Amino acid sequence: MIKQRYMAAAFLLALLPFFISGCKNSSVTSYYEKGALATASPIATNIGEQVFAKGGNAFDVAVAVGFALAVVHPEAGNIGGGGFAVIRDASTKEIKALDFREKAPLASSEKMYLDSMGNLIENMSTVGANACGVPGTLAGLYELWQEHGSLKWPELVNYAVLLADSGFIVNAYQAESFAKYKDRLSVFDESSRLFFPGNENWQKGDTFVNRELGWTLAQIQKDGLVSFYTGDIADSIVATVKRYGGLISHEDLASYQIKWRKPVSFRFDSLQIYSMPPPSSGGLIMGQILKLVEAYDFSKYDPASIEYIHLFCESARLAFADRSEYLGDPDFYNIPFDILDENYISKRRELINLNTTNSSLEILPGIMPTYESGQTTHYSVVDAQGNMVAVTYTLNSSYGSKLAVSGCGFLLNNEMDDFALAPGVPNLYGLVGGEANKIEPAKRMLSSMSPTIVLKNDKPLFILGSPGGSQIITAVTQVIVSLSRFRLPLERALAQPRFHHQWLPDNILLEEKSFDINVKQGLLKLGHVIKETDMIGEIHAVYIDGAGLMTAVADSRGPGHAGGQ
Ligand code: DON
């Protein structure tokens, strides 16, 4: 007991500099020899550094960071959601994709979110128990550890147990986030008690303690997957979901399985790119965009120029149109042809006119989405051996379904909204879909998450990923182009203003206050509709130079932090 207390105190002392500094230097570039990482939280990054200091490899770090983010970044870090990892195993040089995406409950059905008239029932796929897919995060982190970890499981989970039990200091970002979502979280007693037990208005500097999550993590620390998928935690998940009319059953939890998949791989310029295959659309859509733009000599333009934005967006528009038609969970739906085939891409390229755009609405009517800003989180880890781990995981929108599991201190996802709920009906991110992504029992919903590993001459070059729903794909793709074609260093590549097009809705989204008025006017003249948004993506990346020195960068758009050893 005394030893435990001592360990907790030592641990908190180690984190003290971050509590005092207010976590401001999120975009500082650093160089590391032994290992580097970038995450959405200075506390999680510091835990990663501690794991490296203990001799842990990139997989150990990824596991400890995954659990730490579930505590300190509750809007997206999770054990009640799911995600993907693209990894490089240095010992075999193999690159693999781990799918720990949520699955539709066995009792779900194609029209479950439609009323008797066939209309979408408001909020049903986004709020509360009906919105939840069967969580996969714990199974994913456990698999990463079991296959590739070098330290002991309890040791890696312990950081998060201590953080949950002792609390962490709320920073300005988290205080604002709690305030923004207080009303929506308070709809459910379980979440209200958890996040606002005394009806708090959280301030920067307050300590947020989550003993229920501490208990849950302690079970996970003791028995790995057992309690969560078949034991006490499973009982609580099923009871909570049942109370609110949802579908997740004991059978759903007990039968949940991760899947190793072959990553999407293709070349762009001299780079070898490996990203997430279906059930994420990330790798294939990124591949289409890069292959479409690759044929043009656009490096003479500025990365924020009319010419490049137009070319990129016309390419993205074509790729996202394919997304809506052809992509879904490969265990249920076969993509009918190779959408990265060179001949197919050449044909599609003929549809790009460098001097004008036409309307996506001429092809298929779209409906403007009611956009709720989402939160996913991505972290990138690399070690000196050349192990690389890119993890993107999520509850879908911020704080997921807003429903916390009774007595367990964690939120459930609202990932079911990523299915095509009805043909042509847009999801939270304005994405439409059909047959390929329709709801079926035990199927995985189509994602845009794009954890990505890039090699050059078979050697690790960089690793990256982002939150942002559909904007993940364009953000990650733009950073790859900035590094390769515009030859920008990593920090500048991340700092470039970003833009987005996803076919429907038919507009270019620009980061606000980031583009010259002449650029906006030029795009309007080409026929584009322009909308603005506060930010597109939040990339966390690590770059490895020829000497093996690692640069880690956390996107200055978010609260993240880069670090290493
Ligand atoms: O899997 C997907 O594509 C979405 N559920 C991701 C959501 C997301 O990135 C929200 N983040 N800002």
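Indexing begins at 1, ligand by ligand and atom by atom, following the structure's order. When a residue number appears, it is its place in the shown sequence, counting from 1. Because the structure is a prediction, the values reported are computed rather than measured.
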Decide whether the shortest distance between a heavy atom of R101 and an atom of ligand 1 is less than 4.0 Å.
yes

So which of F410, F188, F178 actually passes ring pair (Phe, Tyr, Trp, His ring centres under 6.0 Å) with F195?
F178

Charged N to carboxylate O below 4.0 Å: is that the case for R557 and D555?
yes

For ligand 1, which part of M445 has a heavy atom less than 4.0 Å away: the side chain, the backbone, both, or neither?
neither

Can you list the residues that meet the ring-ring contact (aromatic ring centres under 6.0 Å, His included) rule with F268, with sequence neighbours excluded?
none

Given T394, I536, D418, which one has a non-hydrogen atom that is nearest to atom 2 (C) of ligand 1?
D418

Can you see whether F196 has K182 sitting over its ring - NZ or CZ less than 6.0 Å from the centre and within 45° of the normal?
yes

So the atoms of ligand 1 within less than 4.0 Å of a heavy atom of M449 turn out to be 1 (O), 3 (O)

Would you mind listing which atoms of ligand 1 come within a distance below 4.0 Å of any non-hydrogen atom of I472?
9 (O)

Could you list the atoms of ligand 1 found under 4.0 angstrom from a heavy atom of T376?
6 (C), 7 (C), 8 (C), 9 (O), 10 (C), 11 (N), 12 (N)

Would you check whether G469 has a nitrogen or oxygen atom less than 3.5 angstrom from a nitrogen or oxygen atom of ligand 1?
yes

Could you list the atoms of ligand 1 found under 4.0 angstrom from a heavy atom of S448?
1 (O), 2 (C), 3 (O)

According to salt bridge (charged side-chain N to carboxylate O under 4.0 Å, His left out), who are the partners of D331, at least two apart in sequence or on a separate chain?
K259, R261

Measure the acute angle between the ring planes of F100 and Y393, then classify it against the limits of 30° and 60° as parallel, tilted or perpendicular.
perpendicular

